[in-house]
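Naming convention: chains lettered A, B, ... in sequence-line order (proteins, then strands); numbering from 1 in each chain. No experiment lies behind these values; they were computed from the predicted model shown.
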2 protein chains.
Amino acid sequence: MTTTAHVCDDPKSVYLAACPCRDMLDLLANKWSALALGALEDGPQRFGALRARLQGVSPKVLTQTLRRLEDHGLVDREIYPEVPPRVEYSLTPLGEDACRPLAHLRTWVEENIERFPASR
Amino acid sequence: MTTTAHVCDDPKSVYLAACPCRDMLDLLANKWSALALGALEDGPQRFGALRARLQGVSPKVLTQTLRRLEDHGLVDREIYPEVPPRVEYSLTPLGEDACRPLAHLRTWVEENIERFPASR
DNA sequence: CAGCGATAGTACCCAATGGGAACTATAGGC
DNA sequence: GCCTATAGTTCCCATTGGGTACTATCGCTG
């Protein structure tokens, strides 16, 4: 396909379906991604700790979310060869930077929740 | 159920599964919601115009997205009784405010897209 | 030495959602 | 009488989301 070849010539915009920005927005504009990255702002954490903080997340979905973030270079996954297993997740520099807009979003929601008609 | 009654006593956090913040985050942390609200920042627009700006969106999904935003008080939907039909979508004050964190997220993605390994 | 517990998942299954193509109603213009 | 334009809706299917149950491993306990 010719689409993958000269993407760099295109203006980068999340509004263009073929732009990689679209995929990144899809990754970050996601409930569990936003929560997982926010939790990792406090420092490296184990799978079980993340699962406890992200109330309501199932282990499968948490694994999917973390793997996707890892694949895109937002989190690191370190496996310690111990028994029982220990795996620590942490933010990469890119992940730390991505946390800022996501933190804005989370705090905006919490500060403005009263204004939403559905929540009254 | 007792959960709806004294929600206001709970600390508001997107990390609590039962908090209404969680639903709002789910609404806003969504690709199409973020794009639709961003498009409406330029002023009221018709369905067809939004469909053209949000490249790749199907009419069904766009309708779903806009209805959901309308139900939560983020956008207004005005129907003009004309033929062919004309429907204009616009931001409510709450929707305008919600645009700020979403705009940060969109621009952060566009400005940092080169740093993502998957896009190289 | 046979269970038991702890951790980080995976396997399996089902429901919800995402998403596309085709269809609808209406009135003006040709 | 037919074509066009608009804002959807309907139907269908593939993908994803999501929950529950299960697994592997080793130290510890009885």
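Pairing each heavy atom of A:Asn30 with each of A:Ser33, the nearest pair is OD1-N, 2.9 Å. When every heavy atom of A:Asp26 is checked against every heavy atom of A:Arg68, the shortest pair comes out as O-NH2, 3.8 Å. Taking every heavy atom of both residues into account, B:His72 and A:Pro117 meet most closely at O-CD, 3.4 Å. Here the closest heavy-atom approach between residue A:Leu91 and residue A:Leu37 is recorded as CD2-CD2, 3.6 Å. Here the closest non-hydrogen pair linking A:Ala36 and A:Leu69 is CB-CD1, 4.2 Å. Here the shortest heavy-atom pairing between B:Arg53 and B:Asp42 reads NH1-OD2, 2.7 Å.
With hydrogens and angles disregarded, a donor-acceptor distance shorter than 3.5 Å links the side chain of B:Arg106 to the backbone of B:Ala34. Side chain of B:Gln45 to backbone of B:Gly43: a donor-acceptor contact under 3.5 angstrom is found. At least one donor-acceptor pair closer than 3.5 Å links the side chain of B:Arg22 to the backbone N or O of A:Gln55.
Counting to the nearest Å, the P atom of D:dG17 and the CG atom of A:Asn30 are 7 Å from each other. Atoms CD (A:Glu82) and C1' (C:dA6) sit 12 Å apart, rounded to a whole Å. Separating the CG atom of A:Asp23 from the P atom of D:dT16 is a distance of 12 Å, rounded to the nearest angstrom. Atom CD of A:Glu88 is separated from atom P of C:dT7 by 13 Å (rounded to the nearest Å). Atom CG of A:Asp26 and atom P of D:dT16 are 10 Å apart (whole Å). Whole-Å rounding puts the A:Gln55 CD to D:dG18 P distance at 15 Å. One atom, CD of B:Glu78, and another, C1' of D:dA7, lie 15 Å apart when rounded to the nearest Å. Between B:Arg22 atom CZ and D:dG18 atom P the separation is 10 Å, expressed in whole Å.
Residue A:Trp32 has a polar side-chain atom (N or O) positioned under 4.0 Å from OP1 or OP2 of D:dG18. When the side-chain nitrogen and oxygen atoms of B:Arg46 are compared with OP1 and OP2 of D:dA7, one or more of them lie within a distance under 4.0 Å. Remark: B:Arg51 is not in phosphate contact with D:dA7, judged by side-chain N or O atoms under 4.0 Å from OP1 or OP2. Checking the phosphate oxygens (OP1, OP2) of C:dG19, a side-chain nitrogen or oxygen of B:Lys31 falls inside 4.0 Å. A close approach under 4.0 Å does occur between a side-chain nitrogen or oxygen of B:Arg67 and OP1 or OP2 of D:dT9.
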Apply side chain to side chain contact (heavy atoms under 4.5 Å, CB included) to residues A:Leu27 and A:Asp23 and explain how you reach the verdict. CA-CA 6 Å; A:Leu27 173 65; A:Asp23 294 322; over 6 Å; no
**Asked** How far apart are the C-alpha atoms of A:Val57 and A:Leu35, what are their side-chain angles, what is the distance that settles it, and do they pass the side chain to side chain contact (heavy atoms under 4.5 Å, CB included) test?
**Response** CA-CA 10 Å; A:Val57 74; A:Leu35 292 174; over 6 Å; no
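With axes fitted over five pairs at each extremity, the angle between the ends of the helix from C:dC1-D:dG30 to C:dC30-D:dG1 is 30° (10° resolution).
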Considering only nitrogen or oxygen atoms on both sides, find all protein atoms under 3.5 Å from nucleotides 15-17 of chain C and state each distance.
none

Using nucleotides 20-30 of chain C, report all nitrogen or oxygen pairs with the protein that are shorter than 3.5 Å.
none

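The aromatic rings of A:Tyr89 and A:Phe47 sit tilted relative to each other, their planes meeting at an angle between 30° and 60°.
Nucleic acid contact for B:Tyr89: sugar-phosphate only, since backbone atoms but no base atoms lie under 4.0 Å from a heavy atom of the residue.
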